[in-house]
Amino acid sequence: MENKQIANFFAEIAELLELQGENPFRIRSYQNAARIFGDMSESVVAMVRSGQDLREIPGIGEGISKKIIEIVETGKLKFLEEQRAKVPAGLPELLRIEGLGPKKVKLFYDRLGIDSLDKLEDAAKAGKLRELEGMGEKSEEKILKGIATLRRGLGRFKLSVGLSYAEALVAYLKKAKGVKRLEPSGSLRRRCETVGDLDILAICANDSPLMDNFTAYDDVEEVIAKGETKSSVRLRCGLHVDVRVLEPGSFGSGLQYFTGSKAHNIALRSRANDRGLKLSEYGVFEIQTDKKVAGKSEEEVYKVLDLPLIPPELREDRGEIEAAEKGELPKLIELSDIHGDLQMHTKESDGKDTIEEMVEAAKNLGYEYIAITEHSKAVRIANGLDEKRLAEHLKRIDKVNAKLSGFRVLKGIEVDILADGSLDLSDDILKECEVVVGSVHSRFNMEEKEMTQRIIRALKNPNVNFLGHPTGRLILEREPYKVDLKEVIKAAIDNNVIVEINAYPDRLDLRDVDARMAKEMGAKLSISTDAHSKLQLDVMKYGVFTARRAWLEAKDVVNTLPLARLLKAIRTGT
DNA sequence: GCCGTTTTCGGCCCGACTGTTTTCAGTCG
């Protein structure tokens with residue numbers, strides 16, 4: 001059973017308890033558990049089987065730990081089934097309608113017997129909801145809109161997509177008179193792999209037309225709310241965007257608040273309370289006197305809570321507050337630490353540009369090396385290379401290198417890991433390559449054991465020195481294949497194989513939490529773009545974002561090394 | 001349900017907005 005499934009048990013319990021009007025703090029405990037297990041890289045099942053006490057995890061106590069043991073042992077959970085029996089099956093779905101929560105859903109069911117989207121839609125259209133207390137015509141309209149949005153199925157957007165919308169919008173808003181500062185916050189600022197909406201914070205003069213300009217933006221489909229300090233719109237692509245205007249004296253606390261995450265903020269506010277302080281988006285205040293003690297900058301807010309500034313990418317309540325308290329925050333890797341790029345394709349397989357063009361673009365980024373890693377022959381659709389073509393290609397790389405000074409093109413290949421774990425090219429030709437990236441591109445639907453053994457066998461080949469996109473996922477499009485990552489990473493360490501964070505924004509593979517586990521296990525990592533054109537070399541930043549969210553420092557990533565030391569690290573692991 | 005150098009019981013983050021109301025409940029982030 002996957003962690004995600006275990007998380008779902010608790011998320012469902014939380015919803016069912018909400019619909020029964022249970023104690024909100026009890027509900028939060030289940031929501032927390034769902035978040036904790038959903039975020040976890042290590043397999044919960046494996047932890048339980050090895051006898052680990054889950055109560056060691058903050059937020060997990062007696063009750064939930066017992067429930068997990070039951071899930072692992074029986075695949076079921078009696079408590080969940082009992083809750084399901086108490087709540088009509090259609091109600092949880094109604095909670096996904098924006099603006100509708102457990103109280104209203106329960107009211108509709110108790111009074112009108114509504115237990116499905118269709119019934120709710122009919123009742124709203126027939127004007128029956130307005131007869132209930134606390135309901136009116138506008139509420140009905142809102143519910144109908146919410147149902148329509150839900151049916152359109154617009155969910156989250158890839159970070160790269162969110163960033164490009166944010167950049168365009170910020171560039172546009174900047175032109176409004178009186179705008180002094182604009183700062184995207186939220187999950188975008190934390191560089192989460194997907195974003196659900198955009199929160200843009202602003203400082204501007206009182207008479208600034210910022211809000212008018214915002215709601216008049218070309219790409220706006222619907223204006224949801226418009227006020228002096230807060231406006232909300234939905235863009236044509238379905239992305240929800242809020243713009244909020246803050247006072248300069250509250251910008252730091254506002255930025256802190258809107259950057260989140262929710263769990264990080266709750267932990268921080270709780271910490272403020274312990275110190276007789278109250279934290280909100282307006283600042284930090286003494287509870288007794290209501291005196292404001294911080295708010296202008298984020299540094300200030302964290303400082304009065306006796307903490308150093310915690311980088312946005314770490315604010316997930318995954319131990320960053322404890323680490324900050326002990327002065328043990330990592331010195332996170334930066335884009336400028338990157339010395340080169342170790343996976344890319346040219347015209348020879350499925351890329352768009354030549355070796356020379358890739359070199360030119362890489363030099364412009366300030367790199368001192370790249371590795372050209374074409375596909376191997378098994379990936380026919382990508383025009384993969386066989387032994388003969390690869391030998392010729394390596395000669396071409398030699399020729400390019402002969403003309404370069406202060407820059408080196410490493411001879412590489414992205415060799416396919418075949419279904420049985422053997423490689424798609426002979427050892428004789430692989431020996432000629434300096435960078436051999438082993439990757440899986442086929443038979444994604446194997447059982448976990450089989451897939452794990454397949455990859456481990458490939459890693460044992462002494463010619464393989466990198467593992468490419470280790471889980472094969474495509475964000476929002478394709479689930480990772482089933483694999484025991486911990487075993488794979490262990491094998492990578494034992495066989496001196498560097499584990500890749502694929503920076504391609506559709507992949508970001510390893511994920512943040514997996515990369516963090518890899519680091520903690522002692523693995524060496526690389527960040528590579530997998531670029532298929534010279535322009536795509538720019539996606540390195542997404543890999544760095546993921547690495548930062550994984551708590552990685554420059555020393556954890558081999559392509560922060562200068563060439564000579566990189567080559568040594570590939571050969572010897574040091 | 002979780003947690004504890006103020007506690008094993010009694011707390012548990014905070015404020016805005018909306019739509020419905022004449023002071024507030026529900027929802028959201």
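Letters A, B, ... mirror the listed sequences (proteins, then strands); counts begin at 1.
Distances shown here put a side-chain N or O of R28(A) below 4.0 Å from the OP1 or OP2 atom of dC13(B). Side-chain N/O atoms of K104(A) include none lying less than 4.0 angstrom from OP1 or OP2 on dA25(B). Proximity of R269(A) to the phosphate of dC13(B): no side-chain N or O atom is located under 4.0 Å from OP1 or OP2. Within the 4.0 Å cut-off from OP1 or OP2 of dT20(B), at least one side-chain nitrogen or oxygen of S139(A) is found.
Under the 6.0 Å distance and 45° angle rule, K67(A) counts as a cation-pi partner of F79(A).
Nearest-nucleotide mapping onto DNA chain B: of M135(A) and P102(A), the residue sitting toward the 5' end is M135(A). Toward the 5′ end of DNA chain B lies the nearest nucleotide of T229(A), the other residue of the pair E98(A) and T229(A) mapping further downstream.
Other residues, nucleotides and ligands place more than 12 heavy atoms under 6.0 Å from the CZ atom of F258(A).
Separation of the C1' atoms belonging to dT20(B) and dC14(B) is 23 Å when rounded to the nearest angstrom. Separating the C1' atom of dG10(B) from that of dA16(B) is a span of 29 Å, rounded to the nearest Å. Atom name C1', nucleotides dG1(B) and dT5(B): the rounded distance is 24 Å, in whole Å. Using atom P as the reference point in both dC13(B) and dC3(B), the two lie 14 Å apart (nearest Å). Distance noted for atom P between dG26(B) and dT22(B): 14 Å (whole Å). dG15(B) sits 27 Å from dT21(B) when the P atoms are compared, rounded to a whole Å. Atom name C1', nucleotides dG29(B) and dT23(B): the rounded distance is 24 Å, in whole Å.
Looking only at atom types and distance, the side chain of Q256(A) has a donor-acceptor partner in the side chain of N265(A) under 3.5 Å away. Side-chain contact, S250(A) with K292(A): a donor N or O sits under 3.5 Å from an acceptor N or O.
Taking only distance into account, the side chain of Y257(A) meets the base of dG29(B) through a donor-acceptor pair shorter than 3.5 Å. Counting atom types as modelled, N23(A) pairs a side-chain N or O with a base atom of dG1(B) as donor and acceptor under 3.5 Å.
In this structure, dT7(B) is classed as syn because its glycosidic torsion stays within 90° of zero.
In this structure, L77(A) atom CG and dG1(B) atom P are separated by 11 Å, rounded to whole Å. As rounded to whole Å, 16 Å separates atom C1' of dG29(B) from atom CZ of R315(A). Per the geometry, CG belonging to L201(A) stands 14 Å off C1' belonging to dA16(B), to the nearest Å. For L305(A) and dC13(B), the CG to C1' distance is 13 Å, given to the nearest whole Å. dG1(B) atom P lies 9 Å from atom CD1 of I13(A), rounded to whole Å. Regarding D317(A), its CG atom lies at a distance of 13 Å from the C1' atom of dC2(B), rounded to whole Å. Look at CG on L107(A): it is 12 Å from C1' on dA25(B), rounded to the nearest Å.
Within the 4.5 Å cutoff, no side-chain heavy atoms of T229(A) are placed close to those of R244(A).
Looking at heavy-atom distances under 4.0 Å, L279(A) makes contact with sugar-phosphate atoms alone, never a base. Using a 4.0 Å heavy-atom cutoff across all strands shown, A272(A) reaches no nucleic acid atom at all. Among the atoms of the strands shown, base atoms are found under 4.0 Å from some heavy atom of K262(A).
Proximity of a side-chain donor or acceptor of S50(A) to a complementary backbone N or O of A46(A) within less than 3.5 Å is detected.
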Could you give me the CA-CA distance, side-chain angles and deciding distance for L508(A) and F545(A), then say whether side-chain contact (heavy atoms from CB on, under 4.5 Å) is met?
CA-CA 9 Å; L508(A) 299 179; F545(A) 293 155; over 6 Å; no
Between R318(A) and V513(A), is a side-chain contact (heavy atoms from CB on, under 4.5 Å) present by the stated rule, with each step listed?
CA-CA 10 Å; R318(A) 293 177 182 163; V513(A) 291; 3.5 Å; yes
Quick one: which protein N/O atoms are closer than 3.5 Å to N/O atoms of nucleotides 3-9 of chain B? Pair and distance per line, please.
unit_1 : atom_1 : unit_2 : atom_2 : d
dC3(B) : OP1    : G59(A) : N      : 2.6

